[in-house]
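Heads up: the structure comes next, in C-alpha cells.
This is a predicted model, so every value here is computed, not measured. Note on naming: letters A, B, ... go to the chains in the order of the sequence lines (proteins, then strands), and numbering restarts at 1 for each one.
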Amino acid sequence: MPDDTNEPASRHFIEQIIDADIASGKWGQPGDRSVVATRFPPEPNGYLHIGHAKAVNLSYGLAAQFGGRFMLRFDDTNPAKEEQEYVDSIIEDVRWLGAKWAGEVRFASDYFEQFYEWAQDLIKKGLAYVDEQSPEQMKQNRGDVTKPGVNSPFRDRPAEESLDLFAKMKAGAFKDGSMVLRAKIDMASPNMNLRDPVMYRVVNAKHHRTGSTWHIYPMYDWAHGLEDSIEGITHSICTLEFENHRPLYDWFIDAINKGRSEPIHHPQQIEFSRLEPTYIITSKRNLKLLVDDGHVMGWDDPRMPTVSGMRRRGFTPESLRAFAKATGVTKFKGAHDIGLLEAAVRDHLNIAAPRRMAVLDPVKVVITNWGEHGDSDRIEEFDAINNPNDEAAGTRKVAFSCELYIEREDFMEDPPKKFFRLGPGREVRLRYAYWVTCTDFVKDSGGNVTEIHCTYDPATKGGENPPPDADGNVRKVKGTIHWVSAHDAIDAEVRQIDRLFTVPHPAREPKDAPEGWSFMQNLNPDAMTVIGGAKVEPALASTEGEPTWPDGIRRFQFERMGYFCVDRDSAKEGRLIFNRTATLRDSWSKEQGK
RNA sequence: GGGGCAAUGGUGUAAUUGGUAGCACGACAGAUUCUGAUUCUGUUAGUUGGGGUUCAAGUCCCUAUUGCCCUACCA
C-alpha cells in the first residue's frame with residue numbers, strides 16, 4: 001500500500017508517540033525505525049467487521065510506515081466461543097485488506113506452556129493464589145465502584161498449596177467454575193480491574209487447536225500483554241475500553257520481571273477510539289443475531305458491515321483504507337458519517353472501474369425511421385469509452401438496432417421543464433449512438449408505458465453534434481441517456497444494496513423506548529431490492545478484454561446508475577447477478593426533492 | 001460517595017506544541033461536461049461555559065458542564 005507508507009504532513013497521536021520513542025531509543029538504537037512492531041489480535045469468535053478493518057489498517061500501516069513488523073495473532077484463550085471457521089475467514093479478510101504479517105500466523109494457544117510457567121513464578125513470588133470461592137462469593141466480595149472489596153479467605157494460603165492446586169487444575173481434577181488462579185493486587189483499588197483479577201479459570205472444553213490438552217485457560221488480561229511481550233510488540237494498539245486495563249497489563253509484566261535478571265520485553269499499550277460509522281452496527285453479538293434470525297443471507301451478505309460482506313458488495317481494500325484514514329486516529333468517541341465511506345468508494349471506483357451500460361428497469365424503444373436510412377434490420381456498431389479517467393482502458397463496441405431498451409425513469413409522459421431526458425417531442429442523445437426524438441408512446445390497460453417510438457437523426461451518428469444549419473445555428477441536446485440494444489441485451493439480476501438501517505444510530509435505544517425494544521426495529525426493509533429483469537450490454541457477460549481486479553472481483557460503473565460488481569453467486573447459478581456497491585451522486589433526485 | 005478518558009463548523013479531523021483556526025465529507029451557488037457522474041471555482045459554518053496567566057491562549061492554570069468506559073471464571 002504505497003500511499004500509506006508515506007508519512008503524512010500531520011501526525012496523529014500514536015505516530016507522535018512512536019516518533020518520540022524512535023528519537024529517544026526506547027526500543028533500540030535511537031533513530032532505528034525498524035524496531036517498531038505492531039499486531040492485530042482478533043479473537044476467532046466471529047467475522048471481522050469494518051471496525052476491525054480500521055484496526056488492521058492502523059496497526060499494519062504503522063508497521064509499514066516505520067519499516068517494522070506486523071503480526072497477525074489469534075487471541076484464542078476461550079475455547080467456549082472460538083471456532084476454526086472464524087480463524088479461516090479472518091485470515092482471508094486480513095489478507096484481502098492488504099496487511100502483510102511477518103512470518104506465520106500466531107496463536108495465543110501456542111504460548112500456553114509459557115504462560116503456565118510464568119503463572120507458577122507469580123505464585124512462588126506470592127503474587128498469585130488459587131481461590132476456591134464460588135463465582136457468587138467472588139462477585140460479592142469484589143465490592144463496587146464506590147465500595148472497596150474484601151480479601152478472599154484463600155488469599156494468604158501458602159504458595160506450595162496454590163502451586164499444588166494449580167497443577168491439579170491444569171490436570172483436569174476440578175469442575176468448571178470450582179476454582180481460579182488470582183493475582184494478588186489490591187481488593188480496595190478504585191480500578192476494579194486491579195481487585196485481584198482472575199488469571200486462569202477451569203474450562204473442561206475442547207479447544208479448536210489444543211484439543212483437550214488444557215483444563216485451564218488464561219484470561220484476556222493475563223494473556224494479552226504476555227502474547228505481545230513474546231512477539232516483541234512495541235506498540236500494542238487497542239480500543240478505548242481497555243484504558244482501565246492498562247495498569248493491569250503493566251502490572252503483570254512487571255510482576256513477571258520482579259527479581260528476574262533478564263526482564264521480559266514490556267510493550268506499550270495505546271488506546272484509540274474505535275470506528276463507529278453511522279447507519280451501521282458493529283457489535284459481533286448483534287451481527288450474529290442478524291445472521292441467525294435470517295434477516296440477511298449470511299455473514300457475507302452484501303448488506304452486512306463485515307469485511308466479507310463489504311467485499312461481496314464491491315468495496316475495495318483501497319476504499320476501506322481511505323475511509324479509515326479519513327476518520328482519523330484520536331481518543332474522541334464520535335460517530336463517523338457513513339457518507340465518508342460512500343465518498344471513499346466512489347473516489348476509488350471512479351478512477352478504476354470500467355464503464356458499461358445496463359438498463360435496470362427497461363422499457364422498449366422503437367426507432368421508427370430506421371428503415372428510411374437503410375436496411376431496417378441492420379445493426380450498427382459504435383465505440384464506447386471504457387473509462388474516461390483512464391485512456392489505457394481503451395474502447396469497446398456497442399451494437400445498435402431499431403429496438404432498444406432505456407431506463408423507465410428516463411421517460412416521462414408529461415415532463416417538467418427541467419427534465420432533461422425523453423418525453424413526447426423531446427430529443428435526447430443515446431450515449432455513443434444517435435440523437436433520438438420521441439414521437440409517440442404506447443400504454444397498457446394499467447397505464448404503464450410499454451413502448452416508446454422515436455426517430456433518429458443520421459447526422460448525429462456516434463452521438464456527435466449535428467452540423468450547424470444554414471444560418472449557423474447549432475442544435476443542442478440537454479440530456480444523454482444510456483441504453484442497450486434489444487437484439488443482443490443480456491438478462492441480469494441486479495441487487496440494489498442500500499443502508500441496512502434507517503437511523504444514524506441503530507443500536508442506540510431511545511429514552512422513551514417501549515418494552516422489548518430492539519435494534520432490529522431500525523432495520524431497513526429496502527436495504528436490498530432485487531431487480532430480476534435488468535438488460536445489460538453483452539460486454540458484461542464475458543470477461544474478455546476486461547481489466548482484472550487484484551482480488552478477482554469484477555467491478556463496473558453502470559453509466560448513470562452507480563457502481564456494481566458481479567456477485568459470487570453468479571458463477572454458481574450460471575446467470576448474471578450484480579450487487580450495487582454505491583450509487584453515483586445524484587443532483588437530479590435532490591432537485592426533485594425540493 | 002469512587003476511578004479512568006474525552007470535548008474545535010452539520011459530521012470527522014488538523015494547527016509548526018503559546019503566534020494568521022486549516023483539511024475532508026456534507027450543504028449551497030456557479031462553470032465545464034456525450035454519465036444530472038467526474039472535474040473546477042466560490043459560499044456557508046467552529047475552539048463546551050466561566051474565570052485567570054500572557055504582548056499573544058484551541059493550546060498553559062483554576063473551575064463548571066456534558067459525554068463515554070469500569071463492579072464476566074468474555075475479549
Side-chain angles (χ1 to χ4, degrees), chain A residues 8-12 16 41-43 45 75 77-78 80-82 131 133-135 138-139 142-149 176-182 189-195 197-203 216-217 219-221 223-224 238-247 271 273 278 284 325-344 346-347 350-351 355 357 384-385 388-389 418-421 428-433 435 460 462-465 477-482 504 557-562 583-591:
Chain A
S10 73
R11 313 280 285 157
H12 60 67
Q16 290 181 28
E43 183 189 14
N45 69 342
D75 208 2
T77 55
N78 185 1
K81 290 184 172 179
E82 297 153 5
D131 193 348
Q133 292 183 100
S134 70
M138 275 183 60
K139 188 179 171 64
R142 189 158 23 236
D144 64 30
V145 290
T146 54
K147 278 202 307 285
D176 286 17
S178 55
M179 58 183 74
V180 293
L181 183 72
R182 287 231 255 176
S189 172
N191 182 344
M192 298 297 292
N193 296 126
L194 264 25
R195 318 252 261 229
V198 172
M199 295 164 65
Y200 279 95
R201 73 283 210 190
V202 175
V203 182
I216 51 171
Y217 288 89
M219 299 291 291
Y220 168 85
D221 285 305
H224 204 86
C238 63
T239 47
L240 248 28
E241 65 268 31
F242 290 101
E243 247 168 347
N244 293 329
H245 294 246
R246 185 166 12 102
E271 311 85 18
S273 179
T278 53
K284 274 188 197 174
K325 201 168 178 176
T327 55
V329 179
T330 67
K331 299 186 73 135
F332 176 66
K333 210 167 165 5
H336 302 96
D337 188 350
I338 195 65
L340 278 177
L341 209 213
E342 292 164 357
R346 283 189 192 117
D347 234 33
N350 174 47
I351 300 297
R355 315 285 125 128
M357 291 200 284
I385 295 165
N389 294 315
K418 283 178 137 179
F419 185 78
F420 303 145
R421 311 175 190 177
V428 293
R429 172 191 286 117
L430 295 177
R431 190 145 161 94
Y432 301 123
W435 295 19
T460 59
E464 301 296 338
N465 290 8
V477 72
K478 199 76 174 157
T480 298
I481 63 175
H482 63 282
Q557 184 197 95
F558 290 174
E559 299 224 24
R560 305 206 310 131
M561 301 310 287
T583 58
L584 258 28
R585 282 183 64 216
D586 183 2
S587 56
W588 165 241
S589 68
K590 239 183 297 186
E591 179 74 27

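Using a distance-only test at 3.5 Å, with no hydrogens or angles considered, a donor-acceptor pair links the side chain of Glu82(A) to the main chain of Asn78(A).
Between A64(B) and A6(B), the distance separating the two C1' atoms is 16 Å to the nearest Å. Remark: the separation of the P atoms in U44(B) and G1(B) is 47 Å, to the nearest Å. C23(B) and A14(B) have their C1' atoms separated by 7 Å, with the value rounded to a whole Å. Of the P atoms belonging to G58(B) and G50(B), the separation is 13 Å, rounded to the nearest Å. With P as the reference atom, A57(B) and G49(B) are 15 Å apart, rounded to whole Å. Separation of the P atoms belonging to U47(B) and C5(B) is 27 Å when rounded to the nearest angstrom. G9(B) and C25(B) have their C1' atoms separated by 12 Å, with the value rounded to a whole Å. Taking the C1' atom of each, A24(B) and G46(B) are spaced 15 Å apart, rounded to whole Å.
Within 4.0 Å (heavy atoms only), Val329(A) reaches sugar-phosphate atoms of the nucleic acid but no base atom. Thr330(A) comes within 4.0 angstrom of the backbone, heavy atoms only, and of no base. Ala335(A) comes within 4.0 angstrom of sugar-phosphate atoms only, judged by non-hydrogen atoms across all strands, and of no base. Contact annotation for Phe419(A): base contact, defined as any heavy-atom pair under 4.0 Å involving a base atom.
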Are any protein N/O atoms closer than 3.5 Å to N/O atoms in nucleotides 37-40 of chain B? If there are, list each pair with its distance.
residue : atom : partner   : partner atom : Å
A37(B)  : OP1  : Ser587(A) : OG           : 2.9
U38(B)  : OP1  : Arg585(A) : NH1          : 3.1
U38(B)  : OP2  : Arg585(A) : NH1          : 3.3
U38(B)  : O2'  : Asn350(A) : ND2          : 3.1

Distances for protein N or O near nucleotides 45-49 of chain B N or O, under 3.5 Å:
none

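Nucleotide A24(B) holds its C1' atom 16 Å from the CD1 atom of Ile338(A), rounded to whole Å. Going from atom NE2 of His336(A) over to atom P of U11(B) covers 13 Å, rounded to whole Å. Atom-to-atom, NZ of Lys478(A) to C1' of G36(B) comes out at 10 Å; the value is rounded to the nearest Å. Distance, Glu342(A) CD to A24(B) P: 19 Å, rounded to whole Å. Rounding to whole angstrom units, CG of residue Asp337(A) and P of G10(B) are separated by 14 Å.
Stem list for RNA chain B (at least 3 consecutive Watson-Crick or G-U pairs, distances under 3.5 Å): B:2-7 with B:65-70, B:10-13 with B:22-25, B:27-31 with B:39-43, B:48-52 with B:60-64.
In terms of position along RNA chain B, the nucleotide closest to Thr146(A) lies nearer the 5' end than the nucleotide closest to the other residue of the pair Thr146(A) and Thr460(A). In terms of position on RNA chain B, the residue among Ala343(A) and Met561(A) whose nearest nucleotide sits closer to the 5' end is Ala343(A).
Taking only distance into account, the side chain of Arg246(A) never meets the base of G4(B) through a donor-acceptor pair shorter than 3.5 Å.
Using cut-offs of 30° and 60° for the angle between ring planes, the Phe242(A) and Tyr220(A) rings count as tilted.
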Point to revise | Protein-to-nucleotide contact annotation, 5' to 3' order, nucleotides 69-75 of chain B [B base; S sugar-phosphate only; - none; under 4.0 Å, heavy atom] | key: BSBSBBB
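Taking a centre distance below 5.5 Å and an interplanar angle below 30 degrees as the stacking criterion, Phe332(A) does not stack against the six-membered base ring of A6(B).
Put simply, Lys590(A) has a side-chain N or O that comes within less than 4.0 Å of OP1 or OP2 on A27(B). Here Arg560(A) reaches the OP1 or OP2 of G36(B): one of its side-chain N or O atoms lies under 4.0 Å away.
Because its glycosidic torsion is within 90° of 0, U17(B) is reported here as syn. A72(B): glycosidic angle within 90° of 0, hence syn.
For the residue pair Arg346(A) and Thr583(A), the shortest heavy atom distance occurs at NE-O, 2.7 Å. Considering all non-hydrogen atoms of both residues, Gly177(A) and Pro135(A) come closest at O-CD, 3.8 Å. For the residue pair Phe332(A) and Ser273(A), the shortest heavy atom distance occurs at O-OG, 2.9 Å.
Under the salt bridge (Lys or Arg N to Asp or Glu O under 4.0 Å) criterion, Glu241(A) pairs with Arg274(A), not counting sequence neighbours. In this view, Arg195(A) satisfies the salt bridge (Lys or Arg N to Asp or Glu O under 4.0 Å) rule with no residue, not counting sequence neighbours.
Residues Asn465(A) and Thr460(A) form no side-chain contact, since every pair of their non-hydrogen atoms from C-beta on lies 4.5 Å or further apart.
One finds a salt bridge joining Glu271(A) and Arg246(A) here, because a Lys/Arg side-chain nitrogen approaches an Asp/Glu carboxylate oxygen to under 4.0 Å.
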Check your understanding: What do the steps show when you test Arg201(A) against Tyr217(A) for side chain to side chain contact (heavy atoms under 4.5 Å, CB included), and what is the final call?
Key -> CA-CA 6 Å; Arg201(A) 73 283 210 190; Tyr217(A) 288 89; 4.0 Å; yes
